[in-house]
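First up is the structure itself, then whatever we jot down about it.
Numbered from 1 within each chain, the chains take letters A, B, ... in sequence-line order. Worth knowing before you read on, the calculation uses all heavy atoms, side chains too, and leaves out hydrogens, waters and symmetry mates.
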Amino acid sequence: MRTLIKHALAATAPREGVTVKGWVRTRRDAKGFSFLEINDGSCLASLQAIVDSAVTGAEHLHDLTTGASVSVTGNLVASPAAGQKWELRATQVELIGKADTSFPLQKKGHTLEFLRTIAHLRPRSNLFGAVFRTRSRLAHAVHQFFQARDFVYVHTPIVTASDCEGAGEMFRVTTLKGNIDEKPEADFFGRRAYLTVSGQLEAETFACALSNVYTFGPTFRAENSNTARHAAEFWMIEPEMAFCDLAGDMDLAEAFVKAMARHTLEHCAEDLGLFEKFVDKGVRPRLEFVVERPFQRVPYAEAVAILQKSGKTFEFPVEPGANLQSGHERYLTEEHFKSPVTVFDYPRTIKPFYMRLNDDGQTVTAMDVLVPGIGEVIGGSQREERLDQLLENMKFQQLKPEDYWWYVDLRRYGSVPHAGFGLGFERLLMFLTGVGNIRDVIPFARTPGSADF
RNA sequence: UCCAGAGUAGCUCAAUGGUAGAGCAGCCGGCUGUUAACCGGCGGGUUAGAGGUUCGAGCCCUCUCUCUGGAGCCA
């Protein structure tokens with residue numbers, strides 16, 4: 001029976017006949033015996049095994065180099081030396097798979113750039129093991145958060161023919177050869193099809209039936225964005241609530257971010273310690289701060305006024321009516337408020353058609369949650385539930401209602417106020433771990449010009 | 001896509017226009033209940049690619065590629 005190292009290290013008493021399997025992190029030879037550090041990814045820490053040169057299988061010690069896979073059976077005993085509580089006194093060692101001397105992961109620090117070039121091996125490093133354990137736990141926490149609130153998980157389609165909000169370039173999906181625009185009606189789906197950029201419109205239809213729903217799945221943007229926080233393929237979380245207004249939407253967004261921060265503090269403590277030590281010294285205080293303090297909420301117009309009065313010169317000047325630049329967003333959250341900030345009621349002209357028009361006729365019920373270090377992490381809105389106004393909005397944005405006939409239908413049959421938001425899972429992970437590049441919180445990053453692995 | 005920077009040994013980096021080097025890793029040996037172990041020795045290079053200037057280019061110029069940071073777009 002194999003014991004995960006995580007469980008072996010959590011022992012409360014010595015134990016005999018324990019078998020662990022994993023990968024050698026390092027071997028240190030002493031007179032007549034060797035120290036083997038074994039890691040199986042079940043936790044950050046490795047288990048130190050003491051392998052006497054007389055032990056069965058010790059003749060293979062020479063090949064038990066960094067990266068090799070191994071099975072060690074022995075007795076778990078209290079370690080006489082500092083550095084670890086428990087160690088495994090081996091009675092049997094088995095070399096499972098040798099690692100060539102070209103094994104690129106060394107015992108010493110590597111740059112993130114280099115590790116990206118060996119994305120197939122980087123999960124074996126301390127940092128990436130921690131990142132992907134944390135990613136898994138937070139994915140689970142996302143479901144727990146919504147399920148505990150009676151939200152229904154909806155699998156919205158990945159292939160779609162509707163271009164939601166025109167927000168971003170889409171990847172074309174086709175089985176046609178040659179000129180794919182010549183006869184789109186001859187294509188697999190009988191029309192042009194794309195990879196989804198958002199499940200929101202479909203999620204709205206389910207919210208208008210099951211009340212509270214959420215999606216959590218892959219999303220694709222063919223934008224030529226080359227930044228530390230953009231990927232062509234990423235995972236997005238999109239809750240949608242019927243009978244809900246913008247205030248309720250902001251409440252949910254805030255509760256969600258707080259819950260994820262709390263979950264990280266409580267359930268990813270060991271890995272968080274690594275992030276704190278090697279990635280971002282401020283990450284734990286920041287999470288504690290986020291959990292404890294209410295988010296600031298400020299209307300767009302007021303945010304602009306704050307920026308204008310800041311006395312700061314930004315790379316791009318503050319322009320009322322225009323989108324906030326990332327420099328502006330960072331000032332608000334990092335310097336002015338020093339906390340997450342929800343900016344709401346944006347000018348109609350810079351937001352998509354489905355957002356509900358406010359009574360002033362100038363702004364819409366949009367909201368963005370800005371967090372220190374990342375900028376925008378959530379974008380959401382109350383949706384336009386009034387049929388006439390929705391049609392007017394579409395006209396305003398030069399969209400054809402017939403292309404969205406089913407979406408418009410929701411406003412014909414039992415329309416209700418509803419609201420929701422979208423949140424990039426990787427951006428959330430960046431915020432929670434302090435990791436500064438989106439390519440380092442997703443197993444195999446897809447970015448312009450790069451789809452290795 | 002725009003702006004800036006970078007590309008030299010497996011990795012991290014040095015090298016005034018004049019013989020390409022170090023640390024780490026690897027290999028060999030030594031020592032030691034070790035902890036990114038330590039000590040000694042050895043091997044390791046089309047200086048991203050192409051072209052140009054020069055007696056001579058890792059270094060200067062041009063183009064291409066890749067990466068990084070910032071911006072736009074956004075999540």
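Asn323(A) comes within contact range of the sugar-phosphate backbone alone, with a heavy-atom separation under 4.0 Å but no base atom that close. Nucleic acid contact class of Phe114(A) (heavy atoms, under 4.0 Å, all strands): sugar-phosphate only. Using a 4.0 Å heavy-atom criterion, one finds that Pro104(A) contacts no nucleic acid atom at all. Contact annotation for Ile378(A): backbone-only contact, meaning every heavy-atom pair under 4.0 Å involves sugar-phosphate atoms and none involves a base.
With hydrogens and angles ignored, the 3.5 Å screen pairs a side-chain donor or acceptor of Glu270(A) with a backbone N or O of Leu44(A).
Spacing between atom NZ of Lys277(A) and atom C1' of A36(B) amounts to 11 Å, rounded to whole angstrom units. One interatomic measurement links the two molecules: CD of Glu169(A) to C1' of C73(B), which rounds to 10 Å at whole-angstrom precision. Protein atom CG of Leu370(A) is 13 Å distant from nucleotide atom C1' of C74(B), rounded to whole Å. To the nearest angstrom, P of U32(B) lies 13 Å from CZ of Phe35(A). For Phe103(A) and C24(B), the CZ to C1' distance is 16 Å, given to the nearest whole Å. A straight line from NZ of Lys107(A) to C1' of U35(B) spans 10 Å, rounded to a whole angstrom.
Here C27(B) sits opposite G41(B) as a Watson-Crick or G-U wobble pair (both hydrogen-bonding atom distances under 3.5 Å). Within the shown strands, nothing qualifies as a pairing partner of A15(B) under the Watson-Crick or G-U definition with both distances less than 3.5 Å. Shown here, G69(B) forms a base pair with C3(B); the pair counts as Watson-Crick or G-U wobble because both key distances fall under 3.5 Å. With a cut-off of 3.5 Å on both Watson-Crick or G-U wobble distances, the partner of U62(B) is given as A50(B).
Distance CZ/Phe216(A) to CZ/Phe151(A): 15.0 Å, rounded to 0.5 Å.
Counted by atom type alone, Ser381(A) and Arg383(A) present one or more donor-acceptor pairs between their side chains at under 3.5 Å. In this structure, a donor-acceptor pair under 3.5 Å is present between the side chains of Glu87(A) and Ser79(A).
The listed nucleotides are U34(B), U12(B), C27(B); the one nearest the side chain of Thr111(A) is U12(B). When the nucleotides C11(B), U35(B), C74(B) are ranked by their closest atom to the side chain of Gln84(A), U35(B) comes out on top.
You'll find the ring centres of Phe145(A) and Phe256(A) inside the 6.0 Å limit. Taking the ring centroids of Tyr153(A) and Tyr214(A), they lie under the 6.0 Å cut-off.
The base of U35(B) has none of its N or O atoms less than 3.5 Å from a complementary donor or acceptor on the side chain of Glu87(A).
Heavy-atom nearest nucleotides on RNA chain B were determined for Ser79(A) and for Met236(A), and the one closer to the 5' end corresponds to Ser79(A). For the pair Phe33(A) and Ser102(A), both in contact range of RNA chain B, the more 5′-proximal nearest nucleotide belongs to Ser102(A).
Every residue two or more places apart in sequence or in another chain that forms a side-chain hydrogen bond (donor to acceptor under 3.5 Å, both in side chains) with Lys107(A) is listed here: Thr26(A).
In terms of heavy atoms, Leu357(A) sits closest to Gln362(A) at CD1-N, 4.4 Å. Residues Ala90(A) and Val55(A) come closest through the heavy atom pair O-CG2, 3.3 Å.
Within the structure, a side-chain polar atom (N or O) of Arg28(A) is placed less than 4.0 Å from OP1 or OP2 of A37(B).
Nucleotides C13(B) and C55(B) place their P atoms 36 Å apart, quoted to the nearest Å.
Near RNA chain B, meaning a heavy atom under 4.0 Å from it, residues 253-264 of chain A has no residue at all.
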For nucleotides 64-72 of chain B, which of its nitrogen or oxygen atoms have a protein nitrogen or oxygen under 3.5 Å away, and what is each distance?
unit_1: U68(B); atom_1: OP1; unit_2: Arg116(A); atom_2: NH1; d: 2.6
unit_1: G69(B); atom_1: OP1; unit_2: Asn437(A); atom_2: ND2; d: 3.4
unit_1: A71(B); atom_1: OP1; unit_2: Ser326(A); atom_2: OG; d: 3.1
unit_1: A71(B); atom_1: N6; unit_2: Asn226(A); atom_2: O; d: 3.4
unit_1: G72(B); atom_1: OP1; unit_2: Gln325(A); atom_2: OE1; d: 2.3
unit_1: G72(B); atom_1: OP1; unit_2: Ser326(A); atom_2: N; d: 3.4
unit_1: G72(B); atom_1: OP2; unit_2: Ser326(A); atom_2: OG; d: 2.9
unit_1: G72(B); atom_1: N2; unit_2: Asn224(A); atom_2: O; d: 3.3

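In this structure, Asp40(A) and Val20(A) have side chains that are not in contact, with every pair of non-hydrogen atoms separated by 4.5 Å or more.
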